[in-house]
Amino acid sequence: ACTGKDGKRRNVLRVSGSTTVNPVAADVADVLRSQGMEVTIDTQGGSAGGISQLGAGQIDIAMSSKPLADADRKRFPGINLVATEIGRDAVGIVVRKSVHDSGVTSLTRTQLARIFEGKAASWKEFGGPDLPVYVYDKEPGRGTREVLDKYLYEEAATPPPVQPNGRYAIVGGNEETRTKLRTTEGSVAPLSAAFVEGSKELALVAVDDVPLTPQNIVSGKYPLARPLFLITNGSPQGNARTFIDRVLSAEGQKVVTQHGYLNLAQLGKR
Amino acid sequence: MNAIAIRDLTVSKRSPKRTKDNKGRHPLVGPASFAVPHGEVIGLYGPSGVGKSTMLRALVGLLPDGLDAEGVIRVLGVDVLRQRPSALAELRTRAVLVPQIAVMFPDGIIGNTLFGLRHVVRAPANQLRKRAEEALAEVGLWDEVRDRLNAPAAELSVGQRQRLALARALALDPEVILLDEPTSALDEASAAEVEETLQSLRGHRTLLVVSHDIEQLKRLCDSLVPLHRPTSTSN
Amino acid sequence: MNAIAIRDLTVSKRSPKRTKDNKGRHPLVGPASFAVPHGEVIGLYGPSGVGKSTMLRALVGLLPDGLDAEGVIRVLGVDVLRQRPSALAELRTRAVLVPQIAVMFPDGIIGNTLFGLRHVVRAPANQLRKRAEEALAEVGLWDEVRDRLNAPAAELSVGQRQRLALARALALDPEVILLDEPTSALDEASAAEVEETLQSLRGHRTLLVVSHDIEQLKRLCDSLVPLHRPTSTSN
Amino acid sequence: MITSTHKEGQCPGLRPLSALRGVRPRRSGWVPIVVGGGAALVGASGAMLCAFLISGVTSGPVDWWALVTSGVWSPQQSLFGVLPMIWGTAVVSLLALAVAVPIGWAAALGLHELTPARHRRTLRMAVEMLAAVPSIVYGLLGVVLLRGLMSRLFGVTGGDSLLAAALVLSVMVLPTVVSVSVDALADVPDSVRETGAALGLSRVEVIGSAVFPQARGGMLAGAVLGLARALGETVAVFLVIGRADGPLASTVNGLLRSILQPGQTLTTKLGGPEPLLAGTSGTHWATLCALGAVLMCVIAGLTLLAQSRRLDRRGGRTRFPPRARRHRGARDRLGVASLRTALALPILLAVGIAVVVLERGTPALDPGFWATPAAGASGGGVRDQIIGTLLLVATAGVMAAAAGLTLALLIGEYATPRVAGWMRTATLTLGGIPSIVLGLAGFWFFGSALGWGKSWLAGTFLLGLVATPIVALAVTAQIGRLPRERLETARALGLRRSQVVRSVLLPYTRPALVTGLLLGLARAAGETAPLLFAATVFSGAGGMPAGVVDAPVVSLPTHVFNLAQDAADPAAIRAAWGAATVLIIIIALLLIVSMPIRRRLEKERV
Ligand SMILES: Nc1ncnc2c1ncn2[C@@H]1O[C@H](COP(=O)(O)OP(=O)(O)OP(=O)(O)O)[C@@H](O)[C@H]1O
Ligand SMILES: Nc1ncnc2c1ncn2[C@@H]1O[C@H](COP(=O)(O)OP(=O)(O)OP(=O)(O)O)[C@@H](O)[C@H]1O
Ligand SMILES: [Mg+2]
Ligand SMILES: [Mg+2]
C-alpha cells in the first residue's frame with residue numbers, strides 16, 4: 001500500500017485510530033499476519049487522530065467510531081475519504097444502580113443536556129434520591145462524546161461551555177470511566193454499552209423512554225448509537241481491501257460481536 | 001579518680017574477607033593501657049601511623065565505620081564502649097576532641113568559633129559571642145581575624161584554622177580535652193602562645209596531648225605515654 | 001640563571017564591595033622579591049597566616065578564585081602571570097607544588113602514588129609502578145604500606161598521607177619542587193628520613209621549602225627568605 | 001627505624017627520570033572532542049524543540065495578552081485563556097514538592113546518616129523502586145486507591161482533584177529527591193561529622209548543623225529535579241486530576257477550594273486530546289504551541305528561582321544560628337525517630353505498591369507470558385514488547401549517558417559561570433518539558449520534517465532526551481561539590497585540563513552518573529507519550545526492528561497504555577496489569593544488577 005520515496009519500504013499495512021475499533025482490528029490483523037501479511041495496528045489519538053494521520057498519508061486505514069464530518073473532509077481537500085461501516089456500538093447513559101433503583105430509569109434529551117452542561121444539582125430533580133449529580137464527560141474527540149453531542153445539540157454549532165461547580169470531571173478511556181463510575185456516588189457518564197454488563201454498581205437508563213436493546217438499536221429508535229468505520233483514501237485497494245473484506249466476512253463479523261458490538265447482520269444490513 | 005582510664009584497648013579493622021586473623025580482624029592499635037588522673041596533662045607519642053589519632057577517636061566513641069575497639073575505656077566515669085549514642089553525645093560535651101585536621105564548616109570565622117558553643121551552652125547570644133572572641137584571643141588568632149569575623153573560615157591559612165579549631169573547643173570549657181597535634185601547623189611564636197594557654201589549664205582541666213614534638217610534650221606534660229605498633233602486624 | 005625569580009609580587013583579594021582600597025583590592029601577601037638560583041635550596045618562613053602558602057600557589061599559577069597576583073613571577077624562564085592555562089599545565093610538570101594539606105584521591109595507595117606519574121610520564125606500566133614504589137621507599141612509607149598497596153589512601157594517617165604526597169611529587173623528578181611544610185605532621189625519625197631525601201636532591205634540583213621549623217630550614221637550606229605581612233593591612 | 005635499612009637494601013634511591021621521560025602520555029584529548037560532540041547533539045535537540053514550538057506558534061494568530069490574562073478556555077468559541085491551567089500547574093507541582101521534599105530529605109538523612117553502611121544500599125534500592133513504577137501504573141493506582149481516600153477524607157465527590165494529583169506526583173517525585181540527596185550526603189566528608197560530634201553535638205545537631213549545610217546544594221538539586229519531574233508528568237496526573245476547565249476563582253476562598261476540585265494543568269491540557277483535534281495550523285494549534293511556550297517559561301522561571309543564590313548558598317553565614325535547647329537528649333531521640341519514620345514511609349509505599357501490583361499482575365508470574373508474543377487484542381504474552389522496551393531503554397541509556405555527561409561537563413567545567421547558569425536553566429527546562437511535547441515535536445521532526453515513518457530510532461532519541469537532563473543535572477550537582485583542594489593537587493602535579501577532567505572529575509562523578517541514569521531510565525522506561533507518537537505501534541511490529549528509520553517496534557509502556565485505555569473485556573485489563581508488572585520487574589532487576597557496580601563506584605569515592 002505504501003511505497004516510500006526510496007522504494008525500499010516494506011509493504012506494510014498501517015492501521016490506526018479509535019480504541020473502540022482497535023480490538024476488532026487487532027484480532028483480524030492477527031489472523032491475516034498468520035497468512036503472511038504485514039499489518040501494524042496503533043491507537044494514537046483516537047478517531048480524530050486516525051483521520052488526521054490518514055489525511056497526512058501516514059497510515060492506510062483509519063479506525064473511527066464516529067461518522068465522517070464535513071469538517072474532516074474540508075481539512076483534507078486532496079483526499080477522498082471513504083468510510084466502510086463494520087458494525088455499531090451503542091452509547092449508554094450510565095448511572096449508579098442506587099440512583100437507577102430509586103427512580104431515575106429514563107432521561108429526556110433536555111434533562112441530559114442539563115446534566116451534561118453541569119446545570120443539574122441533585123438527582124431529586126429527576127425523581128431520584130437527594131444526591132449531588134457528578135458528571136464524567138468524555139474528553140473531546142472521543143467517539144462517545146461526539147455521539148452524545150450530536151444527539152443533544154444536533155448539527156447546531158457547539159455545546160455551551162460547562163458551568164464549573166466542582167462536580168464535573170473529564171475522563172478518557174472506557175476503563176477509566178467505568179472505574180470512576182463504580183467508585184463515585186451519584187455519578188453519570190456516557191459509556192459504551194459493552195462496558196456496563198456484569199457490573200453490580202452500574203445501570204443503564206433509557207433515553208426518552210427508549211431502553212438500550214439490540215432491537216431498539218437495529219430499528220434506530222435508540223438515538224445514541226454510533227457506527228464503527230474503517231476509513232480509507234479512495235475505495236480500498238490491495239492489502240487494505242483484503243483487510244476490510246476480512247472484517248466484513250463471517251469470521252470478522254463474529255469478532256465484532258465478541259467484543260460487545262452489534263454486527264452488520266444484527267443491524268439488518270446483511 | 002581518673003578522668004581517663006584505658007585497659008587493654010585494641011582497635012582493629014573488620015576485614016571483609018575474614019582472613020588475616022582468627023576473628024577476621026586486623027589489629028591497628030594497641031593493646032594499650034594507661035590512665036590520666038583528673039587535672040593532669042599527659043602526652044602521647046609514637047611514630048607516624050602508630051595509631052595515636054585512632055586512639056583519641058576511640059576515647060570519645062568516634063571510630064570510623066569499619067574499625068572496632070575492644071577492651072575497656074572509661075572517660076569521666078562513662079564506659080565508652082557500652083553506651084547508647086545519645087549518652088556518648090552527652091559525654092562529648094564534657095570531653096572534647098580537637099582532631100588533627102581542622103575542619104571548617106561553611107560559615108564565617110565567628111560562626112565557626114561559636115559552632116559548638118551555641119549548641120551546647122545555654123546563654124544569651126552576646127555572652128556566647130564574647131566567649132568565642134575571648135577564645136580566639138587565647139589562641140592568638142584574634143588580631144588576625146578581628147576585622148573579618150564574618151569572612152568564610154575556609155579562607156583561613158592552615159595554621160589559622162588549627163588555632164580556630166582549638167579555640168572553639170576551649171570555648172566549651174570542657175573537663176577533658178583531647179588534643180591531636182595542636183601546634184603542628186604553627187610557627188614557634190604562635191605555638192608558644194598556644195602552649196601558654198594550655199599551661200594555664202593545668203590543675204583544673206584534664207588534657208591528653210598527642211604530639212610528635214617531644215620537647216613540647218616535655219614542657220607541657222606531667223608524664224608521657226609511648227604508643228607502640230601492635231605486635232601481630234606484619235611489620 | 002635563576003630557576004625562580006620574583007619581583008614585587010603582591011597577592012590581593014578582589015573585594016566585591018570595592019571599599020578598602022583605591023582599586024577595590026585588599027592586599028594579602030607581599031610585596032616580595034627574591035630569586036632562587038638553579039640547584040639551590042631556599043627556605044621561606046614567616047608567622048602563620050603571613051601568606052607563605054598563597055605565595056607558593058601564585059608561583060605555579062594556582063591561586064584560588066578571587067585572589068589576584070601582581071608583579072613578575074618567572075619560574076624556569078616562564079612568565080607565570082602572562083601565560084595561557086595550557087602552558088602553565090606544562091610548567092607544572094617541571095615545577096611541582098606539594099600543598100600543605102595532603103589530598104588523597106579516591107584510589108588505592110599505589111594509585112595515589114602513581115597519580116601524577118601516570119599522566120606526565122610515558123613509560124611501560126611496570127616501570128612506572130616500580131618508580132612509584134621507589135618513591136614510597138624514599139620517603140620512608142614503603143614498609144608501612146607494602147602489604148596494603150591497594151587499600152584506600154584515605155585510610156592513611158595524616159603523617160602517612162603527607163609522605164605519600166611528597167613521594168608522588170618526587171616520583172615526577174621535577175626540576176623545581178615547592179614544598180609547603182613537608183614534615184609538619186611527622187615525628188622526628190620520619191622527618192629526618194624525609195630531610196635526608198631532600199638533601200640528596202641538592203645541587204641538581206631546585207627546592208623552595210616553606211616551614212615553621214627554623215632549625216630544619218637551617219639544616220636544609222642554602223639561604224632563608226623571611227616573609228612579612230603586607231604593610232597596608234590593619235594589623 | 002626499619003625503613004632506612006630497607007632503603008639501602010632494595011631501593012637505591014630515586015634515579016633521575018630522564019631515562020623515562022618522553023612524549024607526554026594520555027593527553028585525554030578525546031575529552032574535548034567528546035564534549036564538543038555531545039554539545040552539538042544537545043544543541044540540536046534544543047533547536048528541534050524550539051523550531052517546533054516557533055513554527056507552531058507562528059502557524060496561526062495567537063492573542064498572547066488574552067492567553068495569560070483570561071480564565072476561559074473554549075476552543076469552540078475561540079476563547080483561549082490559560083490562567084486556570086497555570087494555577088493548576090502551580091498548585092499541583094508546589095503541593096507535590098511541599099510533600100515530597102521534606103519527606104524525601106528526611107528519608108535521605110535517615111538513610112545516609114542513621115543507617116549502618118551495609119544496609120544503606122538495600123534500603124536505597126527499595127526507595128528507588130518507586131521510580132521504577134511507570135506513570136500509567138501510578139495513575140491506575142491513584143484511580144483505584146487514592147480517589148476513594150480523598151472523597152472520604154475531604155468529602156471530594158469522586159476524589160478527582162488537584163490535591164489527588166499532587167499526592168500521586170509527590171510519591172513519584174520522592175525517589176528522585178531521596179536518591180540525589182543521598183549522593184549529596186555521601187559527598188560530605190566524614191571528617192565534618194567527626195568534627196561536629198567531637199564538639200559535643202548530638203546526632204540530629206550534627207546532621208542539621210554540620211552535614212546538611214554542606215549537602216544543601218546537592219539536596220536542592222534533588223528538589224529541583226523533582227520539580228522538573230512533577231511538571232513534566234502527564235499520564236498519571238491525567239487519571240486523577242479530573243481535567244475540567246473552569247474559570248479561575250476570584251476569591252481566596254475559592255482558590256483554596258479549587259484545590260479539592262477537578263482541574264487541569266498545562267501539561268494535561270497539552271497531553272489531552274486537543275493537539276489532535278487542533279490540526280497542525282490555525283489559531284487552536286498555534287495557541288496550543290503557545291501553551292507549550294508558556295509552560296517552558298514557567299519551568300524556566302521556577303528553575304531560576306530555585307537556583308537563585310539565596311537558596312543555594314554554598315558557604316557564608318547561617319542566617320538563624322541555632323541556640324542550645326533544653327532536653328537535648330530527648331530532642332535528639334525524637335529527631336532520630338522522625339528521620340527514621342520518614343525513611344520508613346517511602347519503603348512501605350514501595351512494598352505496598354509492589355504487593356498491589358503483583359496481586360493484579362498475576363499473568364506476569366507465568367513464564368509463558370514473558371516468552372510468547374502478543375496475540376490479537378489482548379491475548380498472548382509480551383515477548384516482543386519486552387525486547388522492544390529493552391532495545392529502546394538500552395539505546396536511550398547510551399545516548400543519555402553520553403549527552404548528559406557532556407552537558408554536565410560543559411556546565412560544570414568548561415563554561416563560564418554565566419553561560420553555565422543559562423545552560424543549567426535550559427537543561428532543567430528540557431527536563432521539565434512534558435514528554436507529550438517531546439512526542440509531538442519528535443513526531444513533527446522525524447515524521448513530517450525528515451519523512452521517517454514511526455521508527456525505533458526516533459523513540460531512542462526522544463527517550464534519551466527524557467533521561468538526558470536528569471543525568472546532566474545529577475552530575476552537575478556532583479561536580480559542584482568536588483573539593484577544590486583535589487583539583488589544586490591534581491593541577492599541581494602537572495595534569496592538563498583534559499586530564500583533570502578524565503582523572504579527577506569523571507571518576508568523582510560516577511556515582512551521580514549512575515544515579516542519574518537509573519532515575520532517568522526508570523522514567524524513560526515508563527514513558528508512553530513520546531513512543532506513542534514517534535516509535536511504537538500497538539501490534540504488528542516485532543521487538544527487534546526490521547530497519548532503521550521506518551521500523552516501529554512494540555513496547556511495554558505503550559502496550560499497557562493501550563490495553564488500559566479502552567479494553568472492553570476483563571482479559572485486556574488483566575493483560576495490562578500483567579504487562580505493567582513485567583515492566584516493573586524488569587526495572588527492578590536493572591536496579592538489582594546495578595547494585596554491585598554502584599558498590600564498587602561508591603567505595604572508590606571517599
Ligand atoms: N579507617 C581506617 N581503616 C583502615 N586503616 C586505618 C583507618 N584509619 C587509620 N588506619 C590505619 O591505622 C594506623 C593508625 O592511624 P592513625 O591515624 O591513628 O595514626 P597516627 O598515629 O595518628 O599517625 P600520624 O602521626 O601520622 O597522624 C595507620 O596505619 C592507618 O593507615
Ligand atoms: N581565598 C582567600 N580569600 C581570602 N583570604 C585568603 C584566601 N586564602 C588565604 N587567605 C588569607 O591570606 C593569608 C595568608 O594565607 P596563607 O595560607 O598563605 O598563610 P600561610 O603563611 O601559609 O600560613 P600558615 O603558616 O598558617 O599555613 C591569611 O590571612 C588567609 O586568611
Ligand atoms: Mg594522627
Ligand atoms: Mg600555609
Side-chain angles (χ1 to χ4, degrees), chain B residues 16 47 56-57 60-66 84-112 114-125 128 149-155 165 168-169 171-172 174 178 180 229 235, chain D residues 1-3 6 114-118 120 188-206 208-217 313-336 481 483-485 599 603 606:
Chain B
L56 292 195
R57 291 200 181 101
V60 287
L62 283 177
L63 280 179
D65 245 15
R84 280 177 307 117
S86 56
L88 282 178
E90 189 54 43
L91 171 66
R92 285 192 290 259
T93 63
R94 301 162 60 208
V96 169
L97 164 69
V98 183
Q100 190 166 8
I101 288 192
V103 171
M104 295 293 111
F105 299 100
D107 199 344
I109 291 172
I110 191 72
N112 264 280
L114 278 164
F115 191 82
L117 214 48
R118 68 178 173 219
H119 285 100
V120 173
V121 178
R122 280 172 56 80
L128 290 183
L149 285 174
N150 287 318
E155 287 177 0
R168 71 182 163 201
L172 295 174
L178 310 174
D180 201 350
R229 286 188 202 281
N235 37 19
Chain D
M1 37 168 196
I2 325 141
T3 34
H6 169 81
L114 297 173
T115 311
R118 58 185 181 282
R120 272 180 216 157
V188 177
D190 278 338
S191 59
V192 169
R193 300 181 181 88
E194 177 185 286
T195 305
L199 287 167
L201 272 64
S202 67
R203 284 170 296 175
V204 282
E205 286 167 350
V206 168
S209 295
V211 178
F212 179 71
Q214 303 225 1
R216 182 171 44 202
R313 285 167 308 137
R314 295 197 70 215
R317 263 191 309 154
T318 321
R319 214 155 330 150
F320 306 106
R323 292 290 207 75
R325 319 266 198 142
R326 271 181 229 281
H327 313 301
R328 289 177 62 231
R331 274 170 197 282
D332 184 46
R333 284 189 290 276
L334 187 72
V336 168
R481 296 193 293 270
R484 211 184 50 79
E485 299 80 33
R599 179 172 304 143
K603 211 178 263 165
V606 176

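Every chain is numbered from 1 and lettered A, B, ... according to where its sequence line falls, protein lines coming before strand lines. Note that the structure is a prediction, hence the values are computed from the model and not measured.
Going from atom CZ of D:R333 over to atom CZ of B:R84 covers 5.5 Å, rounded to the nearest 0.5 Å. Remark: B:S86 OG to D:R203 CZ distance equals 5.5 Å, nearest 0.5 Å.
In terms of heavy-atom pairs under 4.5 Å with chain B, the best-connected choice from D:V192, D:D190, D:V206, D:V336 is D:V192. Heavy-atom pairs under 4.5 Å with chain B peak, among D:G329, D:A197, D:S191, D:S202, at D:A197.
B:V60 does not touch chain D: none of its heavy atoms, backbone or side chain, sits under 4.5 Å away. For a residue to count as touching a neighbouring chain, one of its non-hydrogen atoms must lie under 4.5 Å from one of that chain's; by this rule B:L62 touches chain D with backbone and side chain alike.
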Could you please spell out the steps behind the side-chain contact (heavy atoms from CB on, under 4.5 Å) verdict for B:R168 and D:T195? CA-CA 11 Å; B:R168 71 182 163 201; D:T195 305; 3.4 Å; yes

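Taking each heavy atom of B:F105 and D:A210 in turn, the nearest pair found is CE2-CB, 3.5 Å. Nearest approach of B:L97 to D:A198, heavy atoms of both residues: O-CB, 3.4 Å.
Under the 4.5 Å side-chain criterion, counting only non-hydrogen atoms from C-beta, D:L199 is not in contact with B:V120. Taking the side chain as every heavy atom from C-beta outward, D:R328 and B:T93 approach each other to under 4.5 Å. With contacts defined as side-chain heavy-atom distances shorter than 4.5 Å, the pair B:F115/D:S209 qualifies.
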